[in-house]
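Take a look at the structure set out below.
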Number of protein chains: 2
Amino acid sequence: MSRADQPLHGDGPVTSRRERARLRREEIILIASELFAERGYRGTSLADVAARAGITEPGLLHHFGTKAGLLLAVIERRDLDSEAFAMELLGMEPADRLRALPEFARRNRDRAGLAKLFTVLAAESLEPDAPGHDHFVARYRALRAIVADTIRSAQEAGLTRAGLEPEVKAAEIIATLDGLQTQWLLDPEAVDIVAAVESYARTLERDLTGS
Amino acid sequence: MSRADQPLHGDGPVTSRRERARLRREEIILIASELFAERGYRGTSLADVAARAGITEPGLLHHFGTKAGLLLAVIERRDLDSEAFAMELLGMEPADRLRALPEFARRNRDRAGLAKLFTVLAAESLEPDAPGHDHFVARYRALRAIVADTIRSAQEAGLTRAGLEPEVKAAEIIATLDGLQTQWLLDPEAVDIVAAVESYARTLERDLTGS
DNA sequence: CCTAACTTACTTAGTGCTCGGTAAGTGAGT
DNA sequence: ACTCACTTACCGAGCACTAAGTAAGTTAGG
């Protein structure tokens with residue numbers, strides 16, 4: 001009768017029906033992420049996703065309601081990953097955060113799909129009535145706030161030069177990292193993303209400390 | 001008999017049939033630019049463009065052959081504008097070029113559509129087999145080369161700090177300006193693009209001169 | 001200078017295909 | 001008995017694009 005009991009009937013693996021459905025949704029979200037990254041939201045059809053997931057189109061819609069619903073599920077799932085990274089960064093001393101940037105770039109390079117997903121979806125979400133618009137606006141505002149806070153706490157610790165405006169500098173830092181990523185995605189042979197981010201991290205350190 | 005004679009038959013304006021067709025294509029390209037900027041290449045149908053241009057779909061295809069042909073025409077047309085800007089920049093003394101950046105931002109702000117067009121189309125061209133891919137790759141390579149050359153000539157004039165890698169710094173500069181533009185397009189209320197670029201121009205001057 | 005032949009900027013009509021989404025089941029699991 | 005993760009069958013709308021014609025503009029020949 002309690003809501004906490006687990007069936008755990010003897011045969012088969014320990015997955016309940018609910019759990020299996022959740023896993024299926026996760027799997028579909030992963031597949032949709034790849035396709036959205038490659039061809040964009042608009043360039044991907046439900047049939048594409050369904051075929052790769054080994055399910056029918058109505059089967060897909062049973063889980064996500066509409067195509068936009070699938071997009072939102074993808075974005076939310078991917079945000080959990082970024083959030084984990086943000087927590088990782090925030091767990092460090094402010095002074096160490098700069099040094100973590102190249103590691104971030106290295107990780108992104110090895111999972112180019114995730115980076116591409118965000119670049120593509122952000123561009124498709126510029127128009128105010130795009131399905132992911134509000135989400136990306138909120139995401140960038142939050143990101144700027146986190147970076148600005150980091151700068152502000154470095155200021156309070158007396159580690160920075162005078163004349164730094166945290167919000168403006170935050171936008172600039174995020175812009176540089178995003179922009180480098182776009183150039184690298186477009187032309188990986190011409191742009192070494194890890195070297196570029198390492199160089200930028202050094203530039204940024206000089207800029208922030210005023211040395 | 002010569003190929004240089006102009007008919008100039010008495011009635012109506014002095015536009016020949018060829019000239020009128022060229023003007024019509026220009027007009028269509030302008031309309032397509034707006035729609036591509038708003039909804040992307042994939043999100044825009046030939047019917048959308050045709051309706052706004054007051055022409056039928058086959059009428060459109062008569063001029064551009066295929067939808068991809070229309071996209072290439074749009075990109076080429078828009079490149080002429082950027083090229084004009086690049087020439088303007090290259091006409092200046094290297095030292096003045098930095099100071100021209102905020103003016104560039106101001107111009108872009110007042111014609112947000114053009115900025116949006118490039119941001120959207122670049123994102124849709126990340127995949128190697130996208131219709132505009134090769135073009136954007138070439139464009140970014142050329143852009144990096146121009147900026148890198150500017151840095152190099154400043155180096156030769158002894159105006160810069162030691163340890164500058166022109167190619168890497170060029171990618172970084174372009175990345176920052178692109179990224180700021182994306183954030184501004186997504187959330188114009190939260191990001192003041194002109195102020196951000198002005199601030200970045202100052203940062204960049206300190207960075208390049210090592211002061 | 002007139003006219004017949006040709007070119008070109010379109011239009012109307014229609015092609016097959018793909019799109020996102022719905023209605024109505026079905027069958028296994030709870 | 002009921003839930004729910006699906007399936008089959010289907011829908012109208014929209015897609016890029018084609019075939020075939022038309023009417024106006026341009027050119028060449030007599």
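Lettering follows sequence order; numbering is per chain, from 1.
Nearest nucleotide to the A/H63 side chain, out of D/dA5, C/dT11, C/dA9: D/dA5. The side chain of A/I55 has D/dT7 as its nearest neighbour among D/dT7, C/dT30, D/dA5.
Heavy-atom nearest nucleotides on DNA chain D were determined for B/R18 and for B/G43, and the one closer to the 5' end corresponds to B/G43.
With respect to the salt-bridge test (charged N to carboxylate O, under 4.0 angstrom), the residues A/E167 and A/R141 do not qualify. The residues B/E205 and B/R202 are annotated as not salt-bridged, no charged nitrogen and carboxylate oxygen being separated by less than 4.0 angstrom. Remark: B/R52 engages B/E38 in a salt bridge, criterion side-chain N to carboxylate O under 4.0 Å.
B/T56 has no side-chain polar atom (N or O) that falls below the 4.0 Å cut-off from OP1 or OP2 of C/dC10. Contact annotation: B/H62 side-chain N/O to C/dC10 OP1/OP2 distance is not under 4.0 Å.
If you check every strand for non-hydrogen atoms under 4.0 Å, A/R24 touches sugar and phosphate atoms only.
Rounded to whole angstrom, the span from the CG atom of B/L60 across to the C1' atom of C/dT12 amounts to 16 Å. Here the P atom of nucleotide D/dA5 and the CD atom of A/E19 are 12 Å apart, to the nearest Å. If you take CZ of A/F64 and C1' of D/dA5, they are 13 Å apart, rounded to a whole angstrom. The interatomic distance linking A/R20 (CZ) with D/dT3 (P) rounds to 18 Å, in whole Å.
Between A/F85 and A/F104, the two ring planes are parallel [angle under 30°; tilted spans 30° to 60°].
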Sugar-phosphate means primed atoms, P, OP1 and OP2; the rest is base. With that split, encode nucleotides 16-28 of chain C 5' to 3' as B, S or - using protein heavy atoms under 4.0 Å.
---SBBB-----B
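For the side chain to side chain contact (heavy atoms under 4.5 Å, CB included) test with B/W184, the passing option among B/V197, B/V191, B/V194, B/T119 is B/V191; the others fail.
Listed by chain and number, the residues in a ring-ring contact (aromatic ring centres under 6.0 Å, His included) with B/F136 are B/F118 (sequence neighbours excluded).
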